[in-house]
Amino acid sequence: MNIYLQTVRTTIAEMLVYRLSFFLWRLRSVLNLFVIYFVWNAVYQETNLVLGYTHAQMMTYVLLSNILATLALSSYTSNVAGDIVRGTVAQFLVRPIGYFKFLAARETADKLLNVSAVVVELLLLAYWFRPPVEIQTAPGVYVLFTALVLSGVGISFFLSLSISFIAFWSSEVWAPRFVFFVLIMFLAGSYFPLDILPNWAYRGLLATPFPYLFYAPTKTYLLGVNAQTLGFLGMSVLWNAVLYYMARSIWRKGMREFSFYGS
Amino acid sequence: MRIARILLKLSQLSIERSFQNPLAASFFIMGKLLRFGLFFYFVSTLVTHTKLLAGYTVDQTVLFFLTFTIVDTLSQLLFRAVYSFRPLLVSGEFDHILTKPFHPFVVVLFGAIDILDAIVLVLYMGITGFIMTQTTGIAALHLGLYAAFIVNSLLIAMAFHIAILAMGIITIEVDHTAMIYRDMSRLGSFPIEIYKEPLRSIVTFIIPIGIMMSVPAQALLGMVPAQALIVYGAISVFFVGLSLGFWRYALQYYQSWGS
């Protein structure tokens, strides 16, 4: 079997060994969804149109962006910093595998497991609360949505990886990662659609990689295929390329400076 | 007095550790302020456009959010040591703490105050004070009750943190449990009235997030009578007692490092 497929399989098996950890991580995600879901629900008690969104559109946005947040935030890449600080990254370098590909395989396993869990959770929540949601029928929307989701996953992967590579120069990686999480939660649009911000802030944000994690795919699902949403895909692919080269160059620079004593 | 001296020393060490890496400390402060600022913007924008949230005005909703922020920050400031409990358990260091001639809570519960939270707390309290001056109908009695209910909230927060420690001894799982507590408490960042039943009753009576986060703000707005302090105080003492019982039970399962 392909070595990277085998990595996906063993990573899933490894994650299922720590079932309590996985269950608690999922519970956290559900609790976060509760807050956002109920806040927006309370907002729509008085009216059916808030900031240009109907109740159904907003509930669709909130639920969908939550799935995408799970995709972006469930990441193996945060462990890379620990591997670098402890020096255990060295054991991967002597193996006949590509380190980025190996990480991508671990990441895929992580996301597969989390997305499976979030689909079940959302089905249960939908059954329990019965929120109004928008269902798109045009197949083109789903094609563009899927492309944007995959591209967004790539952006989060390379961003998170670049932050972990800070460990080549400093063991204090947790502080920048904390800022990264805060930025992602707000600027990627997991609490609210970004177009409710003032126009100058919204335009400015579209020039950064953050909106292409949750906002762009979810907005595309709501709007359908048009010039704006195709533009989202163009920007998303561009950011993927930029962040890939950034992560690769940081990695190469870090590798030149990396040293570790064996025991 | 001896315990106070130990706590003071541990706090000094914790403050020194926080500033050992000034860049990391400034990143943390920046992250905390950014999170607060963006969430504050979100809450105020939301309610400004809708006028009311579950019957509360913009200023009132913002007061609920600020009260949540103050209680959450105070509990992070006081009980930060809990987040470092797992390494003590897996390394066997906890053995040394148990054999010390003072209660282990001195180290594992109160032993690492977070000075960075104290810094941002000043800002949060300033903003809360300003919003209070903009809100009509807040009397001196309400302010007194507000302070008393915040102390009560800290008792509940302490009970939760003791339960997290106890859970850690039994399962070795501390980080996720602590973060689940944080996520649960986040349910209190908005008035508890936004939640539907049975969730509202669960977060009021079973997991007393509502008493912890919403009741102080309600008291400030004159919606809670002074007598309620006795009832809510009794509930908090009950939860502290329950968590202490859980701690004692968990200690029986502690197997020590043993080598």
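To find a chain, count down the sequence lines: A is the first, B the second, and so on, and within it residues start at 1.
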- [ ] Heavy-atom distances under 4.5 Å only: say whether A/W174 touches chain B with side chain, backbone, both or neither.
- [x] both

Task: Where at least one partner belongs to residues 112-134 of chain A, residue pairs that pass salt bridge (Lys or Arg N to Asp or Glu O under 4.0 Å), sequence neighbours excluded - done: A/R26-A/E121

Open item on the list: Counting only heavy atoms not in B/M167 (residues, nucleotides, ligands), do more than 12 fall under 6.0 Å from its CE?
Closed with: no

Task: Distance, nearest 0.5 Å, that separates CG of B/L46 from OH of A/Y191 - done: 13.0 Å

TODO: Sort out for me which of A/W40, A/F181, A/Y37 touches chain B most, counting heavy-atom pairs under 4.5 Å.
DONE: A/W40

- [ ] Specify whether B/Y195 and A/F38 have parallel, tilted or perpendicular ring planes, treating 30° as the upper limit for parallel and 60° as the lower limit for perpendicular.
- [x] perpendicular

- [ ] Counting only heavy atoms closer than 4.5 Å, note whether A/L183 contacts chain B via side chain, backbone, both or neither.
- [x] side chain

Task: 4.5 Å side-chain heavy-atom contact, B/I194 and A/V39 - done: yes

Task: Greater than 12 external heavy atoms within 6.0 Å of A/Y18's OH - done: no

- [ ] Would you please go through residues 66-85 of chain B and name the residues with a non-hydrogen atom below 4.5 Å from one of chain A, in numerical order?
- [x] none

Open item on the list: Check this for me: B/M125, atom CE, are more than 12 non-hydrogen atoms of other residues, nucleotides or ligands nearer than 6.0 Å?
Closed with: no

Open item on the list: Checking an interface table here. Which of residues 168-187 of chain B come within a heavy-atom distance under 4.5 Å of chain A?
Closed with: B/T171, B/E173, B/H176, B/T177, B/M179, B/I180, B/D183, B/M184, B/R186, B/L187

Task: Part of residues 22-41 of chain B lying next to chain A, heavy-atom separation under 4.5 Å - done: B/A24, B/F27, B/F28, B/M30, B/G31, B/K32, B/L34, B/R35, B/L38, B/F39, B/Y41

TODO: State whether the number of non-hydrogen atoms from other residues, nucleotides or ligands found under 6.0 Å of A/F129 atom CZ is greater than 12.
DONE: yes

Open item on the list: If I measure from the heavy atoms of chain B, does A/V50 come under 4.5 Å with its side chain, its backbone, both, or neither?
Closed with: side chain

